[in-house]
Amino acid sequence: MMKMDNLNPEQIKAVKHVDSPVLVFAGAGSGKTRVLTHKIAHLIENIGLPPENILAVTFTNKAAHEMTSRVHSIVKVDSSKLNIGTFHSISAGILRKHIHCLGFENNFTIYDQKDALSVVKKVIKNMNLDIKQNDPKYFYYMISRAKNQLISYKEIDKIDSGYVDKNLSEVYRLYQESLKDSNSLDFDDLLIFPLRIFKENDSLLDYYRKKFRYVLVDEYQDTNRPQFEFISLIAKEHQDICVVGDDDQSIYGWRGADVSNILDFNKSFDNPLIVKLEQNYRSTKSILNVANSVIKNNITRAEKSLWTDNEPGNCVVYQNLYNEKIEASKIVDIIQRKCSDSFSLNDAVILYRTNSQSRQIEDLLRRRSVPYNIIGGVKFYDRKEIKDVLSYLRYICNSNDEVSFLRILNFPPRGLGKTTINKVLDVKISGNQSLSDVITSEDLLLGQKQKESLKYFNEMITKLRLASKELNAYELILELIKTVDFKDYYCSKNIPEDIDRWENVQELINSIQEFCVNSSSTSLQSFLEEVSLLTDIDRWNNNDECLTLMTVHSSKGLEFPLVFIAGMEEGLFPHSNSINDEESVEEERRLFYVAVTRAMEELYLFSADSRMKFGGGNLPSLRSRFIDEIPKNLIDFKNKSRDDSFASISKNSYNSNAEIIKKGNLVRHQLYGNGKVINVDGFGENTKVTVIFSGNVQKKFIQRYANLKIIK
DNA sequence: TTCACAGAAGTTTTT
DNA sequence: CTTCTGTGAA
């Protein structure tokens with residue numbers, strides 16, 4: 001019999017109740033994951049439900065993996081039979097099997113927002129609209145918004161949104177047509193297509209209702225309309241469902257998440273048991289008091305109050321500093337001090353509202369050689385060189401994938417430029433042919449050189465495509481790298497940036513190898529699917545002795561002994577795009593609440609008097625209203641010390657008599673001797689200089705620290 | 001026709 | 001500080 005003695009009475013109630021739907025309002029740190037995992041274990045062991053009949057939906061893949069292994073540690077179960085994943089990955093799995101109902105092939109490509117944006121751009125150009133007056137971002141945003149409301153291009157005027165452009169419906173229609181032509185889906189389609197399949201195919205819906213006999217949903221406050229429809233279709237009939245969430249942590253409204261899904265749960269499902277988990281096991285009293293005092297300023301929320309038996313702990317610290325540089329150095333100072341005695345680096349996290357704030361902190365950490373991990377920002381799979389290689393793989397896998405085709409046709413450069421590409425696309429449109437037909441078509445009027453190059457390209461792809469039937473993903477990428485000779489492309493010119501890129505490509509190769517070792521399926525298709533649905537947080541491993549940096553959004557569901565929140569300023573947190581509208585301010589406040597409740601032992605808040613924008617001008621700023629919502633007695637206000645003054649830091653930062661180094665200069669370095677500057681990158685105090693020294697030794701310096709002297 | 005370079009513009013949050 | 005776009009040279 002499984003143990004439940006580590007659960008409190010409310011948690012046990014939520015775990016054991018299976019006679020009707022269950023809604024768990026789980027405050028931050030109240031042990032909701034424990035409830036979910038025990039509930040799954042209870043269903044298997046005490047109710048006798050086979051694991052393959054359980055569907056559990058989590059917010060990230062990482063959470064899914066953790067849940068799987070925690071269930072495994074409670075009951076003996078073949079974890080591969082459990083259906084635990086994100087909405088997107090579960091949907092993708094269903095679509096791989098049944099998407100032919102909608103006229104797609106099951107080797108479809110999943111487009112990320114950049115891919116999707118390039119499709120929108122193409123559509124706008126094809127409609128002969130001016131790209132400057134018709135912002136592709138607006139159209140993509142509106143299409144996504146429409147999809148989140150389950151609105152097709154035909155009924156676009158029903159959309160719940162401000163301005164609707166007269167061309168929106170047509171752009172939407174052509175966008176969808178183009179995706180289908182490329183046998184591709186965007187993220188929103190991934191959620192919507194299963195609904196269409198279920199609605200058109202009763203027997204299939206029936207099959208999945210039986211298969212997913214019990215449904216559990218985590219972070220239910222962040223589900224959107226299509227996700228709600230999905231679980232309704234599956235669970236409304238058998239009513240065997242348990243959802244867990246916290247309306248105070250709803251932070252994805254901008255993505256179509258609808259809090260009323262959780263607040264109106266009792267209207268959608270019959271006679272639910274509602275359990276409130278209000279005991280917090282995570283944070284000290286000081287931290288929880290701050291969290292409660294902030295969130296109670298929100299008008300629209302279900303009434304509840306979190307409490308804890310934990311120690312009072314240290315007072316929450318707030319400090320205002322002169323600018324973002326001093327803010328960064330203050331944070332890192334404290335972390336280094338803390339980690340020299342009772343804490344280790346992976347106990348700490350630095351949180352911020354926007355990704356761009358990470359740069360200053362990153363620079364400082366690199367200078368002080370503090371190992372760090374950064375989540376989000378320029379994602380690994382978003383890097384140009386990675387997307388380029390992946391595009392080859394995607395095009396090999398799906399010969400209709402036009403976005404990938406256009407990326408790789410002339411990369412590395414093979415003499416197929418803009419004009420050739422336009423000719424190819426023209427023939428494709430006029431002849432209504434598939435991509436592979438077009439590039440072998442006689443109708444293409446090209447120069448001899450271009451013709452041969454295109455022929456070579458096509459033969460290469462055909463060969464690789466054939467090989468992909470025999471090889472696993474790892475063997476195939478080795479074959480690809482050899483055939484295209486990326487190594488030569490990146491390394492032959494001896495440009496440091498290109499060598500960095502080659503190293504990233506090698507990292508990609510490693511990750512494919514790892515995938516093939518760890519995963520049940522080693523096919524190229526499953527690798528590509530994993531890549532498009534995996535986030536940085538899924539790749540993150542907090543066991544390394546390493547400081548972590550991430551946005552507040554990414555931190556949802558995590559906890560750290562030491563939490564540092566940077567940029568507590570009006571216009572940044574709450575963000576300037578949100579301060580004019582009370583509803584948005586409430587979402588920002590929930591976001592701050594999420595940030596605060598990540599902390600277990602100590603919490604530090606920071607703001608700066610001025611902050612650089614675009615590495616350009618300084619913007620003065622006021623401290624965040626959220627700071628003022630915290631009663632004074634709950635915060636330790638640290639005053640500026642003399643060391644924090646702008647004068648003292650700026651003297652250190654800028655070497656006033658530093659010479660301006662240019663490409664071609666001869667320079668002297670203390671350690672390496674004389675050398676020649678072959679590249680200068682950036683300006684001001686962040687200038688990076690690449691120098692070749694005798695013996696062809698190449699080094700890259702941050703000028704400020706390298707102390708290079710120009711030799712006349 | 002392609003390719004390299006210089007200037008302009010643009011950063012909320014993410015599956 | 002990055003990423004995209006447009007311009008001239010080869």
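A note on names: the letters A, B, ... follow the listed sequences, proteins ahead of strands, and every chain is numbered from 1.
Taking Arg623(A) as the reference, Asp628(A) meet the salt bridge (charged side-chain N to carboxylate O under 4.0 Å, His left out) condition, with sequence neighbours excluded. When the salt bridge (charged side-chain N to carboxylate O under 4.0 Å, His left out) test is applied to Asp247(A), the partners found at least two apart in sequence or on another chain are Lys304(A). Every residue two or more places apart in sequence or in another chain that forms a salt bridge (charged side-chain N to carboxylate O under 4.0 Å, His left out) with Asp218(A) is listed here: Lys32(A). Partners of Glu586(A) by salt bridge (charged side-chain N to carboxylate O under 4.0 Å, His left out), not counting sequence neighbours: none found.
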Under 3.5 Å, N/O pairs linking protein and nucleotides 12-15 of chain B:
{"from": "dT12(B)", "atom 1": "O4'", "to": "His575(A)", "atom 2": "NE2", "distance (Å)": "3.3"}
{"from": "dT12(B)", "atom 1": "O2", "to": "Arg353(A)", "atom 2": "NH1", "distance (Å)": "2.9"}
{"from": "dT12(B)", "atom 1": "O2", "to": "Arg353(A)", "atom 2": "NH2", "distance (Å)": "2.1"}
{"from": "dT13(B)", "atom 1": "OP1", "to": "Asn355(A)", "atom 2": "N", "distance (Å)": "2.9"}
{"from": "dT13(B)", "atom 1": "OP1", "to": "Asn355(A)", "atom 2": "ND2", "distance (Å)": "3.0"}
{"from": "dT13(B)", "atom 1": "O4'", "to": "Arg353(A)", "atom 2": "NH2", "distance (Å)": "3.3"}
{"from": "dT13(B)", "atom 1": "O2", "to": "Trp254(A)", "atom 2": "NE1", "distance (Å)": "3.2"}
{"from": "dT13(B)", "atom 1": "O2", "to": "Arg353(A)", "atom 2": "NH2", "distance (Å)": "2.6"}
{"from": "dT13(B)", "atom 1": "O2", "to": "His553(A)", "atom 2": "NE2", "distance (Å)": "3.4"}
{"from": "dT14(B)", "atom 1": "OP1", "to": "Thr551(A)", "atom 2": "OG1", "distance (Å)": "2.9"}
{"from": "dT14(B)", "atom 1": "OP1", "to": "Ser554(A)", "atom 2": "OG", "distance (Å)": "3.2"}
{"from": "dT14(B)", "atom 1": "OP2", "to": "Asn355(A)", "atom 2": "ND2", "distance (Å)": "3.3"}
{"from": "dT15(B)", "atom 1": "OP1", "to": "Thr535(A)", "atom 2": "OG1", "distance (Å)": "3.4"}
{"from": "dT15(B)", "atom 1": "O3'", "to": "His88(A)", "atom 2": "ND1", "distance (Å)": "3.1"}
{"from": "dT15(B)", "atom 1": "O2", "to": "His88(A)", "atom 2": "NE2", "distance (Å)": "3.1"}

Using nucleotides 1-3 of chain B, report all nitrogen or oxygen pairs with the protein that are shorter than 3.5 Å.
{"from": "dT1(B)", "atom 1": "OP1", "to": "Lys423(A)", "atom 2": "NZ", "distance (Å)": "2.8"}
{"from": "dT2(B)", "atom 1": "OP1", "to": "Gly417(A)", "atom 2": "N", "distance (Å)": "2.1"}
{"from": "dT2(B)", "atom 1": "OP1", "to": "Thr420(A)", "atom 2": "OG1", "distance (Å)": "2.9"}
{"from": "dT2(B)", "atom 1": "OP2", "to": "Lys418(A)", "atom 2": "N", "distance (Å)": "3.2"}
{"from": "dT2(B)", "atom 1": "OP2", "to": "Thr419(A)", "atom 2": "N", "distance (Å)": "3.3"}
{"from": "dT2(B)", "atom 1": "OP2", "to": "Thr419(A)", "atom 2": "OG1", "distance (Å)": "3.3"}
{"from": "dT2(B)", "atom 1": "O5'", "to": "Gly417(A)", "atom 2": "N", "distance (Å)": "3.4"}
{"from": "dC3(B)", "atom 1": "OP2", "to": "Asn410(A)", "atom 2": "ND2", "distance (Å)": "3.1"}

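Regarding Gln357(A), its CD atom lies at a distance of 17 Å from the P atom of dT2(C), rounded to whole Å. In this structure, Ile131(A) places its CD1 atom 16 Å from C1' of dG10(B), rounding to the nearest Å. In this structure, Glu362(A) places its CD atom 12 Å from C1' of dC1(C), rounding to the nearest Å.
At a threshold of 4.0 angstrom between heavy atoms, the contacts of Lys137(A) are confined to the sugar-phosphate backbone, with no base atom among them. Backbone-only engagement by Lys121(A) is indicated by non-hydrogen atom pairs under 4.0 Å involving sugar-phosphate atoms exclusively.
The side chain to side chain contact (heavy atoms under 4.5 Å, CB included) test with Ile627(A) singles out one residue from Glu569(A), Met568(A), Glu570(A), and that residue is Met568(A).
Aromatic ring centres of Phe87(A) and Phe228(A) lie farther apart than the 6.0 Å criterion allows. Note: Tyr489(A) and Phe411(A) meet the aromatic proximity criterion, with ring centroids under 6.0 Å apart.
Between Asp363(A) and Lys325(A) there is no salt bridge, since no side-chain N of the basic residue sits under 4.0 Å from a carboxylate O of the acidic one.
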